[in-house]
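Side chains included, hydrogens not; waters and symmetry mates left out as well; all remaining heavy atoms used.
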Amino acid sequence: MTEALRTTDSLFFSNGAHLDIAMAGRSVRDLLNHFDDGELFLEYRESESIVLDDGVIRAAGFDVSRGFGLRGVTGAEVGFAHSDEISLRALRDACGAVRTTQPNGGSAREGGGVKVATSSQPTQSLYQGDRPFHEAAFPARVAVLRAIDAHARGSDPAIKQVSAHLSAEWQAVQIMRGQDDRVADLRPLVRMNVTIIMERDGKRESGSVGVGGRYALDRLLDEPVWKDAVDEAIRRARVALESVAAPSGEMDVILGPGWPGILLHEAVGHGLEADFNRKETSSFSGRIGQKVAADGVTVIDDGTLPDRRGSITIDDEGTPGQRTVLIEDGVLLGYMNDRLNARLMGAALTGNGRRQSYAHQPIPRMTNTVMAGGYASLADMLSGTRRGLYAVDFGGGQVDITSGEFVFSMSEAYLVENGEITRPVKGATLIGNGADAMRRISMVGHDVALDPGIGTCGKAGQGVPVGVGQPSLKLSGLTVGGTG
């Protein structure tokens with residue numbers, strides 16, 4: 001038995017828990033005999049958060065939650081019940097509730113799609129399963145936050161406010177379809193955020209940096225790591241102070257590597273999730289095998305990258321995390337599937353069934369969505385650009401999945417004039433259509449980078465940790481909204 005199973009068995013089936021493995025497995029197996037698919041999802045979660053603002057600890061908390069979600073699926077119909085009490089009584093009540101949703105007198109419906117594979121426990125985890133915050137004592141974590149404040153304020157007298165936030169969680173999950181069909185995962189997740197506010201000549205601007213992943217909190221507490229984050233936040237605030245109003249109009253746009261991949265995630269990635277395509281509400285529906293992006297564009301969803309924020313040893317249905325090529329050299333190869341949509345569409349599982357917690361149903365979600373690298377350099381992209389923007393960092397955005405229309409704000413961008421990066425600008429927005437933007441990629445860089453580990457994706461009222469990445473890209477003739 002793996003360490004993940006041993007640990008979750010201890011959490012859910014021993015130490016005074018009112019649930020027995022054999023009885024739970026029998027109850028789940030008996031229930032699912034009446035459905036096409038389903039599972040019992042057990043979860044235990046510890047989370048901690050510490051916030052320092054202007055040298056004072058404004059908030060600190062530690063929380064423990066646990067519970068289960070039980071699902072039965074027939075065709076596209078789902079019966080779901082959840083409880084924050086892990087006990088045989090609660091499980092039996094949930095089985096009764098789910099059973100009432102079964103159509104046709106309580107027998108599995110014919111024509112409910114093809115059977116999908118059952119779970120298999122991966123032989124190796126993509127991250128260490130230890131609790132991320134137990135190695136560093138609470139006073140040590142507070143001391144680092146105070147050191148962040150002191151380092152920032154000593155760097156520039158123009159700094160008026162410093163905020164720093166440390167958060168960590170440890171999630172233990174087990175998925176059951178019967179006593180002998182069980183998989184488990186132990187998931188650490190940490191993050192640090194630093195925000196600097198500077199004022200100069202009556203003008204006030206901010207710079208923010210986040211960093212994180214699936215590893216121990218100690219890594220963020222190393223002095224070189226937090227100092228780099230503070231220094232980068234200060235640099236961004238200084239750039240914002242020097243920025244001028246962004247121009248507007250149609251122009252070439254060069255995207256930097258790493259976090260600008262959030263545009264790929266939102267404008268393309270969501271449209272490649274299987275539920276939208278089964279329901280034919282995505283602009284990519286029915287287009288497998290067709291050209292949907294420029295030559296040289298390859299898009300991958302990869303849940304197997306070690307220690308990354310979006311990585312998953314298993315997804316929340318028990319499918320091992322996978323590397324799935326979605327678009328290859330501009331051609332659409334497939335979608336990101338959970339069990340329900342894979343079964344109904346006759347497609348392979350891709351390890352993308354994810355949920356926010358035991359109280360939520362799994363749905364198709366991205367993990368780490370990355371564009372593969374090409375051969376161009378940033379210098380190549382700049383040399384042919386007479387007038388355009390170089391976008392280094394993105395803020396928020398909005399996307400319509402059905403049409404693919406998007407609007408994104410740029411939090412750090414620069415004018416490109418006659419092949420040179422010149423002045424920083426503020427207030428720039430990128431306006432367009434996801435599928436159209438993919439066809440407007442004229443150059444793909446060789447400098448693939450991943451984001452620093454800060455992404456949380458929202459869909460259907462659920463938030464899950466994700467990652468993005470890309471090389472530098474040049475897109476021709478995009479619409480830029482500005483204030484200048």
Approximate separation, where rounding is to 0.5 Å, of [X] [atom1] and [Y] [atom2]:
X: I327; Y: T298; atom1: CD1; atom2: OG1; answer: 8.5 Å
X: R177; Y: R71; atom1: CZ; atom2: CZ; answer: 7.5 Å
X: R131; Y: L217; atom1: CZ; atom2: CG; answer: 14.5 Å
X: I50; Y: F138; atom1: CD1; atom2: CZ; answer: 4.0 Å
X: S206; Y: I197; atom1: OG; atom2: CD1; answer: 6.0 Å
X: H165; Y: M192; atom1: NE2; atom2: CE; answer: 11.5 Å

Once side chain to side chain contact (heavy atoms under 4.5 Å, CB included) is applied, do any residues pair with T350, and if so which ones, sequence neighbours excluded? T324, M336, N337, N352

With no hydrogens and no angle check, do the side chains of [X] and [Y] hold a donor and an acceptor under 3.5 Å apart?
X: D301; Y: Y335; result: no
X: R308; Y: N368; result: no
X: T313; Y: S125; result: yes
X: Q161; Y: D53; result: yes
X: N193; Y: R191; result: yes
X: T456; Y: R309; result: yes
X: H446; Y: S377; result: no
X: D9; Y: Q174; result: yes
X: D231; Y: H151; result: yes

Side chains of [X] and [Y]: closer than 4.5 Å at any heavy-atom pair?
X: V268; Y: V292; answer: no
X: R182; Y: I21; answer: yes
X: L326; Y: L333; answer: no
X: V51; Y: S163; answer: no
X: D302; Y: V370; answer: no
X: F13; Y: I86; answer: no
X: R214; Y: P465; answer: yes
X: V466; Y: R365; answer: no

Using a strict threshold of under 4.0 Å (side-chain N to carboxylate O), is an ion pair present between [Y] and [X]?
X: E232; Y: R236; value: yes
X: D275; Y: K459; value: yes
X: E317; Y: R343; value: no
X: K227; Y: D222; value: no
X: R66; Y: E46; value: no
X: K426; Y: E205; value: yes
X: E199; Y: K160; value: no

Please determine whether side chain to side chain contact (heavy atoms under 4.5 Å, CB included) holds for the pair L40 and F68, giving the CA-CA distance in whole Å, both sets of side-chain angles, and the decisive distance to 0.1 Å. CA-CA 7 Å; L40 173 67; F68 71 83; 3.6 Å; yes

Per the side chain to side chain donor-acceptor pair (under 3.5 Å) rule, what does the pair list look like for residues 461-474, sequence neighbours excluded?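 Checked against side chain to side chain donor-acceptor pair (under 3.5 Å) - neighbours excluded - the pairs reaching residues 461-474 are T385-K474, D447-S472.
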
Please evaluate residues D20 and L88 with respect to the criterion side chain to side chain contact (heavy atoms under 4.5 Å, CB included), reporting the C-alpha separation (whole Å), side-chain torsions for both, the decisive distance (0.1 Å), and the verdict. CA-CA 8 Å; D20 175 84; L88 184 59; over 6 Å; no

Candidates V239, I254, L389 - the one meeting side chain to side chain contact (heavy atoms under 4.5 Å, CB included) with Y414: V239

Side chain to side chain contact (heavy atoms under 4.5 Å, CB included) partner of M366, chosen from R354, E273, E266: E273

Set out, in order, the CA-CA distance, both residues' side-chain angles and the distance that settles salt bridge (Lys or Arg N to Asp or Glu O under 4.0 Å) for E412 and R238, then state yes or no. CA-CA 11 Å; E412 183 179 353; R238 286 171 176 160; over 6 Å; no

Tell me, yes or no, whether the heavy-atom count around R323 atom CZ, taken from other residues, nucleotides or ligands under 6.0 Å, exceeds 12.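 No, the 6.0 Å shell around CZ holds no more than 12 heavy atoms from other groups.
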
Please find the pair of heavy atoms, one from [X] and one from [Y], that lie closest to each other, and give the distance.
X: S282; Y: G271; result: OG-O, 2.6 Å
X: L186; Y: Y127; result: O-CE1, 3.3 Å
X: I57; Y: A60; result: CG2-CB, 4.4 Å
X: V190; Y: A168; result: CG1-CB, 3.8 Å
X: I148; Y: A164; result: CG2-CB, 4.0 Å
X: F284; Y: L332; result: O-CD2, 3.8 Å

Go through T195 and S208 one step at a time and tell me if the side chain to side chain donor-acceptor pair (under 3.5 Å) criterion holds. CA-CA 4 Å; T195 298; S208 297; 3.0 Å; yes

Please check: side-chain N/O of [X] versus main-chain N/O of [Y], any donor-acceptor pairing under 3.5 Å?
X: D451; Y: W259; result: no
X: Y358; Y: R355; result: no
X: S311; Y: L305; result: yes

By side chain to side chain donor-acceptor pair (under 3.5 Å) - contacts of D37 (at least two apart):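 Scan of D37 (side chain to side chain donor-acceptor pair (under 3.5 Å), adjacent residues dropped) gives R339.
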
Taking only residues two or more places apart in sequence, or in another chain, which ones meet D307 in a side chain to side chain donor-acceptor pair (under 3.5 Å)? R219

Show the numbers, then the answer: is there a salt bridge (Lys or Arg N to Asp or Glu O under 4.0 Å) between R187 and D316? CA-CA 12 Å; R187 303 168 177 169; D316 294 323; 2.7 Å; yes

Test side chain to side chain contact (heavy atoms under 4.5 Å, CB included) on L70 and L31; report intermediate values, then the result. CA-CA 10 Å; L70 181 65; L31 172 73; 3.6 Å; yes

Contact list for residues 167-194, test ring pair (Phe, Tyr, Trp, His ring centres under 6.0 Å), sequence neighbours left out: none

By the ring pair (Phe, Tyr, Trp, His ring centres under 6.0 Å) test, which pairs, at least two apart or in different chains, include something from residues 38-64?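 As it turns out, the ring pair (Phe, Tyr, Trp, His ring centres under 6.0 Å) pairs with a partner in residues 38-64, which skip direct neighbours, are F62-F133.
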
